[in-house]
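Okay, structure first, notes after.
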Amino acid sequence: MTNQNLHDGALLPAMLRTSIVACTLAAGSAAQAADELAWKFSGFGTLGAVHASTRSADYTSTILRATGAGASERWSPDVDSRLGAQLDVSQDRWSAVLQVVSEQGMTGSYRPRVEWANVKYQVTPDVAVRLGRIALPVFLAADHRKVGYTLPWVRTPVEVYGALPLSSSDGIDATWRWSAGAMRHATQAFYGRTDTELFDSNRLRARGVAGFSHSIEQGFLSGRASILSGRLTTEVGSEVFAALRAFGPQGAAIAGRYDIRDKRVAMASAGISYDPGQWFVSAEIGRTHTRTLLGQTTSMYLGGGYRFHELTPYLGYAKVRANSAISDPGLPLAGLPPRLQATAAIVNAGLNSYLATIPVQTTASAGLRWDAVDNVALKAQYDRVRPTGGSRGTLINRQADFRSDQTVHVASVALDFVF
């Protein structure tokens, strides 16, 4: 994304912080007013194409996609392609931002979505409060995870960033910026809710999304640590849970263990980056915890590259593992009448099909970035993706012949730009 705190000089390349066009309100020879209205318009986009070697599932950048590369299309433009526009307005202590992004959603359409829409008040030079739709301050690239140009690689590592596919929430936050010696700090508290369209009229709702984030900067070093929690509700899997409950108390207990109705979800993450200019390295780790179909996971990535003028070759490694079971024996079949045994077996298979979506996967990546002209970058990337342990990993649209523990080779090209 374009940085939501553009007026605060956050961590984005200088070409994204373009000059603000001022509208002079004073007339004659009087000096310009201190509270002069200022505005700017900016945007970003990615034109991408991705090929995957499998026909048994789709490779994609987020589970909030309808299709990807593999089962749906040999070469897919939907994995990474997007277009975004942002308007910033400020006057004295007040400022506002509106960002709209068009990318494929779970319904398959590219209907534009309001990513940010909030008003900020600068209480003091060091304290600011925002109200509205705000970027969730989780992960190093929280403020610009959708702006491919700001990333050295084609996309953020799916094993880590896929743990929180939602990138914004509706609510309020407060940020305190302070310094300790040469190190600059930003401490942020936030509270809100989200409501996201999924598929087949299903929605993903999270209320009471609350947490803290702390960022640091010193020289070439930057880092961020975050925690959040909220209560999650969705109808995904409801048909399996209804069938389980029909088998009495034992089935109801299994359904209660996994259904996603007003269930607590918690997440913690930490990341660090060092970029002196000629080279760079970054690493992040995250952990999610919830007693639902979503399971509990730990994820990490490590990546770096070296800049040779306009060319930047880079490498990366990412991994996600499950801290909870990705299968369940389900309903005991022994003792059931033959007709009910068949039904119970189908219900158990349905439950385990959902549990197999808890990701267990590794990805090794290599790529090359070419900054051909100002504000435009061309990237090519190879990913060796391997879901393991019976999990489908981060793949979607799994087909009947899908098998875990098989390597998927992914080739991506992307043209990123900002304006």
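All residue numbers refer to positions in the sequence shown, counting from 1. Any value given below was found using the heavy atoms of this structure, including those in side chains, with hydrogens, waters and symmetry copies removed.
Around CZ of Phe212, the count of heavy atoms belonging to other residues, nucleotides or ligands within 6.0 Å does not exceed 12. Atom CZ of Arg231 has more than 12 neighbouring heavy atoms from other residues, nucleotides or ligands inside a 6.0 Å radius. In Arg257, the CZ atom is crowded: over 12 heavy atoms of neighbouring residues, nucleotides or ligands sit closer than 6.0 Å. Heavy atoms from other residues, nucleotides or ligands lying under 6.0 Å from OH of Tyr191 number 12 at most.
One finds a salt bridge joining Arg245 and Asp259 here, because a Lys/Arg side-chain nitrogen approaches an Asp/Glu carboxylate oxygen to under 4.0 Å. With respect to Glu235 and Arg261, a salt bridge is recorded, a charged nitrogen being found less than 4.0 Å from a carboxylate O. Salt bridge Asp58/Arg392: absent, no basic N to carboxylate O contact under 4.0 Å. Ionic pairing of Asp78 and Arg65 is not present here: no N-O contact between side-chain nitrogen and carboxylate oxygen is shorter than 4.0 angstrom. Arg130 and Asp173 are joined by a salt bridge, as a carboxylate oxygen and a charged side-chain nitrogen come within less than 4.0 angstrom of each other. With respect to the salt-bridge test (charged N to carboxylate O, under 4.0 angstrom), the residues Arg205 and Asp195 qualify. Salt-bridge formation is not detected for the pair Asp170/Arg193: no Lys NZ or Arg NE/NH1/NH2 atom is positioned less than 4.0 Å from an Asp or Glu carboxylate oxygen. Lys146 and Glu103 are joined by a salt bridge, as a carboxylate oxygen and a charged side-chain nitrogen come within less than 4.0 angstrom of each other. One finds a salt bridge joining Arg207 and Asp262 here, because a Lys/Arg side-chain nitrogen approaches an Asp/Glu carboxylate oxygen to under 4.0 Å.
Side-chain atoms of Ser168 and Trp116 include no donor-acceptor pair closer than 3.5 Å. Side chain to side chain, Thr290 and Gln296 fail the donor-acceptor criterion of an N or O pair below 3.5 Å.
Shown here for Val408 and Ala52, the closest heavy-atom pair between the two residues is CG1-CB, 4.2 Å. Listed here is the closest heavy atom pair of Gly350 and Val240: C-CG2, 4.1 Å. Residues Thr312 and Phe280 share a closest heavy-atom pair of CG2-CE2, 3.7 Å. Closest approach of Leu315 and Ala366 over heavy atoms only: CD2-CB, 3.7 Å. Looking at every heavy atom in both residues, Phe419 comes nearest to Phe44 through CE2-N, 3.7 Å.
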Exercise for review: Please step through side chain to side chain donor-acceptor pair (under 3.5 Å) for the pair Thr67 and Ser72, ending with a clear verdict.
Suggested key: CA-CA 6 Å; Thr67 60; Ser72 296; 5.0 Å; no

**Study point:** Trace of the side chain to side chain donor-acceptor pair (under 3.5 Å) decision for Ser56 with Asp401
**Key:** CA-CA 6 Å; Ser56 300; Asp401 61 345; 3.1 Å; yes

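Put simply, the side chain of Gln381 gets close to the backbone of Val154: a donor and an acceptor are under 3.5 Å apart. In this structure, the side chain of Asp328 does not engage the main chain of Asn352 through any donor-acceptor pair within 3.5 Å.
With a 6.0 Å cutoff to the six-membered ring centre and a 45° limit on the axis angle, Arg369 counts as a cation-pi contact of Tyr149.
Using a 30° and 60° split on the angle between ring planes, Tyr301 and Tyr161 fall in the tilted class, from 30° to 60°.
Checked against a 6.0 Å centroid threshold, the rings of Trp279 and Tyr306 do not count as neighbours.
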